[in-house]
Asks: 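My questions will all concern the structure given below.
First the proteins, then the strands, lettered A, B, ... as listed; each starts at 1.
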2 protein chains.
Amino acid sequence: MTKRPTLADVAARAGVSVALVSIAMRGAKGVSAATSEQIFKAAQEIGYRPDARARLLRSRRSRLLGVQFGLSYPFHADLVEALYAVAESAGYQLALSAVAASRGEQRATEALLDDRCEALILLGPQAPVARLEKLAAQLPVICVARRLPSTPGVDVVRTADDDGARQAVDHLVSLGHRDIVHIDGGRAPGAADRRRGYRSAMHRHGLPSSFVPGGLTEQDGAAAARGLLAAPSRPTAVLAFNDQCATGVLDVFLRSGIGVPGQISVVGFDDSHLARLAHINLTTVGQDIPRLADLAVVRALARLEGQQTPGTETVVAPHLIVRGTTAAL
Amino acid sequence: MTKRPTLADVAARAGVSVALVSIAMRGAKGVSAATSEQIFKAAQEIGYRPDARARLLRSRRSRLLGVQFGLSYPFHADLVEALYAVAESAGYQLALSAVAASRGEQRATEALLDDRCEALILLGPQAPVARLEKLAAQLPVICVARRLPSTPGVDVVRTADDDGARQAVDHLVSLGHRDIVHIDGGRAPGAADRRRGYRSAMHRHGLPSSFVPGGLTEQDGAAAARGLLAAPSRPTAVLAFNDQCATGVLDVFLRSGIGVPGQISVVGFDDSHLARLAHINLTTVGQDIPRLADLAVVRALARLEGQQTPGTETVVAPHLIVRGTTAAL
DNA sequence: TTGAAAGCGCTAACAG
DNA sequence: CTGTTAGCGCTTTCAA
């Protein structure tokens, strides 16, 4: 529990000035190989690690990207993991701030601001546009997986949710399905687009749309599925809002002895970790998580380098991943 | 994107010295009510927020608790949420560092150290004891949900996993089950204790133990369940390592047309968010998450306040939560 | 009650 | 290539 060594300690031990140690530790050029080696040896010996905060206090850059995510969304977890990788290769660190039932988005972003993050990457934020705009006046703000009316200073990186829904419908129709229900996501980010994509694709095939209110949790899917079973006639296929919702749907069907995909086909959305589980084996519309993460960071860096755009929107194409929950009628 | 206001800006606007503003902002005593009001008004007007890092750089305390957690464990997510609440009421902030496939524990803890956290709270860490001991030499380390041979400087807060398994077995036996299999957690934290608890409880009831290798993911549970189905005879009840594992088990059973709890009973462990979902409705051994979180913080603070113990172990009692996946034979 | 001044650990000019 | 110097935004003596 001894005090952590500082630059000065390393300098003393290596017999050089602090400045030189600073240069060496940062890997900047301007130190002889021999000296550098001595310095690293000294640092190693006393277990020196640079103080991230002092460092950022001095250099006006924190090289910190603030990420706000939802604790209970596997899709966010996947995104966070991808972001770690991208950020690192861009020379940035991540500061995580979770949103949960007892911790709202405002609290989450404020913590990030107090940490002096250089930019904010918000995963599926629900905050009102006005608040995002206010944040964007202070630092670059990137919204991932939420559509937004063009907002000054806010960049959006999202999946083409409407096209994803279309792909799902096309797939189901090509399998012979005509009675396809969409369990929607209500007011969740992306839900409106998925509804729209579903509706227009159905229309294009000359089929009537059929919506059931859903949501983004297993519970929502389960409730919707129970509703479906209680109705006089049952569809032959279901497009769920997301994978979690689809999982709830699957569960209820299985419990009721309804075979999937034998009696009914189910399609999810996201291709989160969940869908890939062997025992779920869910046909789903895959969001390109690495690409979303990459673009989010790229956008953030672009703004940090002074690019002044009114607010960009980058749309990433989804792609259907056919697994085991869909079959020909 | 204007520069954030500093203490000096507030001081200038309020017509006082920075020192006074500092005192006021911290809510320390020594400022007249009138001045204080002026200061807060000025701060408010220019949107001042203290710089967390500069603050900690100066006062040798960061009031930061570093939390390492696994991105893909719902149980950890629940703990993190609970920790946020406890930390806040103790006047501390949380620094989150995630462990994922592409980001090992070492990386995670190092990030926390560089942030100058005052203590480390590790959720289900897998790191070797030697490493934990080394960390504990630098700062208080609290291991949550992992049993550890008494280690100098490391405090352990965990659930009585053995007793939890015992409760599950007692419950199943009281329902008339005698053929109870345990799908274990392999080398996962807590797995050994749960095995032991299961074995001794079975023994006490005069029943033979029966283990199936499992793990902590849905996949592990699903694989184990498939193995069970392939065997010549099937048990009447299963105790899974945790809720995720149990979910995988449930899924496979449902798919195979095996009614739960009609034909077989299933018990999980953790009472994570997952188990509580209406459609899963899993009978499970509940870990007392708020209490684990509370104790973790209490232990950390005790050490920060100079308490020097060789390494404590606090064991929290679990309690069986009977839901819908268990029934009388 | 208030202010001046010193420094936390580090980086960034600028000299030598 | 190396050292000196001056702060980053804040807290904290110590005087006034």
Asks: Quick one: SG on Cys117(B) to CD on Gln68(B), what's the gap to the nearest 0.5 Å?
Replies: 11.5 Å

Asks: Can you tell me how far P of dG9(C) sits from CZ of Arg116(B), to the nearest Å?
Replies: 9 Å

Asks: Whole angstrom is fine here: how far is it from CZ in Arg49(A) over to P in dC10(C)?
Replies: 12 Å

Asks: Considering just the side-chain nitrogens and oxygens of Thr35(B), establish if one lies under 4.0 Å of OP1 or OP2 belonging to dT2(C).
Replies: yes

Asks: What pairs of nitrogen or oxygen atoms, one from the protein and one from nucleotides 3-5 of chain C, lie under 3.5 Å apart?
Replies:
| residue | atom | partner | partner atom | Å |
| --- | --- | --- | --- | --- |
| dG3(C) | OP2 | Ser17(B) | N | 2.8 |
| dG3(C) | OP2 | Ser17(B) | OG | 3.1 |

Asks: Nearest-Å distance, CG (Asp9(A)) to P (dG9(C))?
Replies: 8 Å

Asks: Pick the closest DNA chain C nucleotide for Ala8(A) and for Val31(B) by heavy atoms, then say which residue is nearer the 5' end.
Replies: Val31(B)

Asks: How many Å lie between CG on Asp51(B) and C1' on dC10(C), as a whole number?
Replies: 14 Å

Asks: Would you say Ser32(B) reaches dT2(C)'s phosphate, i.e. side-chain N/O to OP1/OP2 under 4.0 Å?
Replies: yes

Asks: Between Ser62(A) (side chain) and Leu64(A) (backbone), is there a donor-acceptor pair under 3.5 Å?
Replies: yes

Asks: Using the test salt bridge (Lys or Arg N to Asp or Glu O under 4.0 Å), find all partners of Glu37(A) that sit at least two apart in sequence or belong to another chain.
Replies: none

Asks: Name the nucleic acid region contacted by Ser22(B), choosing base, sugar-phosphate or nothing; use a 4.0 angstrom heavy-atom cut-off, strictly under.
Replies: base

Asks: If the helix axis at each end comes from five base pairs, how far does the helix from dT1(C)-dA16(D) to dG16(C)-dC1(D) deviate from straight, to 10°?
Replies: 40°

Asks: In this structure, how many angstroms lie between the P atom of dC8(D) and the CG atom of Leu7(B), rounded?
Replies: 13 Å

Asks: Using a 4.0 Å heavy-atom cut-off, does Arg26(B) contact any base of the nucleic acid, only the sugar-phosphate backbone, or nothing at all?
Replies: base

Asks: What donor-acceptor contacts under 3.5 angstrom involve side-chain atoms of residues 121-137 of chain B, with partners at least two apart or in another chain?
Replies:
| residue | atom | partner | partner atom | Å |
| --- | --- | --- | --- | --- |
| Arg131(B) | NH2 | Thr109(B) | OG1 | 2.2 |

Asks: Can you see if the side chain of Arg55(A) gets near the phosphate of dT11(C) - specifically, an N or O under 4.0 Å from OP1 or OP2?
Replies: yes

Asks: Just list the side-chain donor-acceptor pairs under 3.5 Å for residues 74-85 of chain B, sequence neighbours left out, or say none.
Replies:
| residue | atom | partner | partner atom | Å |
| --- | --- | --- | --- | --- |
| His76(B) | ND1 | Gly70(B) | N | 2.9 |
| Asp78(B) | OD2 | His273(B) | N | 3.0 |
| Glu81(B) | OE2 | Ala101(A) | N | 3.3 |
| Glu81(B) | OE2 | Ser102(A) | N | 3.1 |
| Glu81(B) | OE2 | Ser102(A) | OG | 3.1 |
| Tyr84(B) | OH | Ala98(A) | N | 3.1 |
| Tyr84(B) | OH | Arg103(A) | NH1 | 3.3 |

Asks: In whole Å, I'd like the distance from the CG atom of Asp114(B) to the P atom of dG9(C).
Replies: 15 Å

Asks: Going by salt bridge (Lys or Arg N to Asp or Glu O under 4.0 Å), name the pairs with one or both residues in residues 108-129 of chain A, residues two or more places apart or in two chains.
Replies: Arg61(A)-Glu118(A), Glu110(A)-Arg49(B), Asp114(A)-Arg4(B), Asp114(A)-Arg49(B), Asp115(A)-Arg53(B), Arg116(A)-Asp51(B)

Asks: My understanding is that only residues two or more places apart in sequence, or in another chain, count here; which of them pass salt bridge (Lys or Arg N to Asp or Glu O under 4.0 Å) with Arg107(A)?
Replies: Glu88(B)

Asks: With nearest nucleotides of DNA chain C determined for Ser36(B) and Arg58(B) from heavy-atom distances, which residue corresponds to the more 5′ nucleotide?
Replies: Ser36(B)

Asks: Using whole Å, what does the distance between atom C1' of nucleotide dG9(D) and atom CG of Asp115(A) come to?
Replies: 15 Å

Asks: Starting at atom CD1 of Ile39(B), determine the distance to atom C1' of dT1(C), rounded to an integer number of angstrom.
Replies: 11 Å

Asks: Mind jotting down which residue pairs meet the ring pair (Phe, Tyr, Trp, His ring centres under 6.0 Å) criterion with at least one end in residues 27-71 of chain A? Sequence neighbours excluded, please.
Replies: none

Asks: Is the backbone of Asp270(A) close enough, under 3.5 Å, to the side chain of Ser272(A) for a donor and an acceptor to pair up by distance?
Replies: no

Asks: Tell me which pairs pass side-chain hydrogen bond (donor to acceptor under 3.5 Å, both in side chains) where either residue lies in residues 21-34 of chain B, with sequence neighbours left out.
Replies: Ser22(B)-Arg26(B), Ser32(B)-Thr35(B)

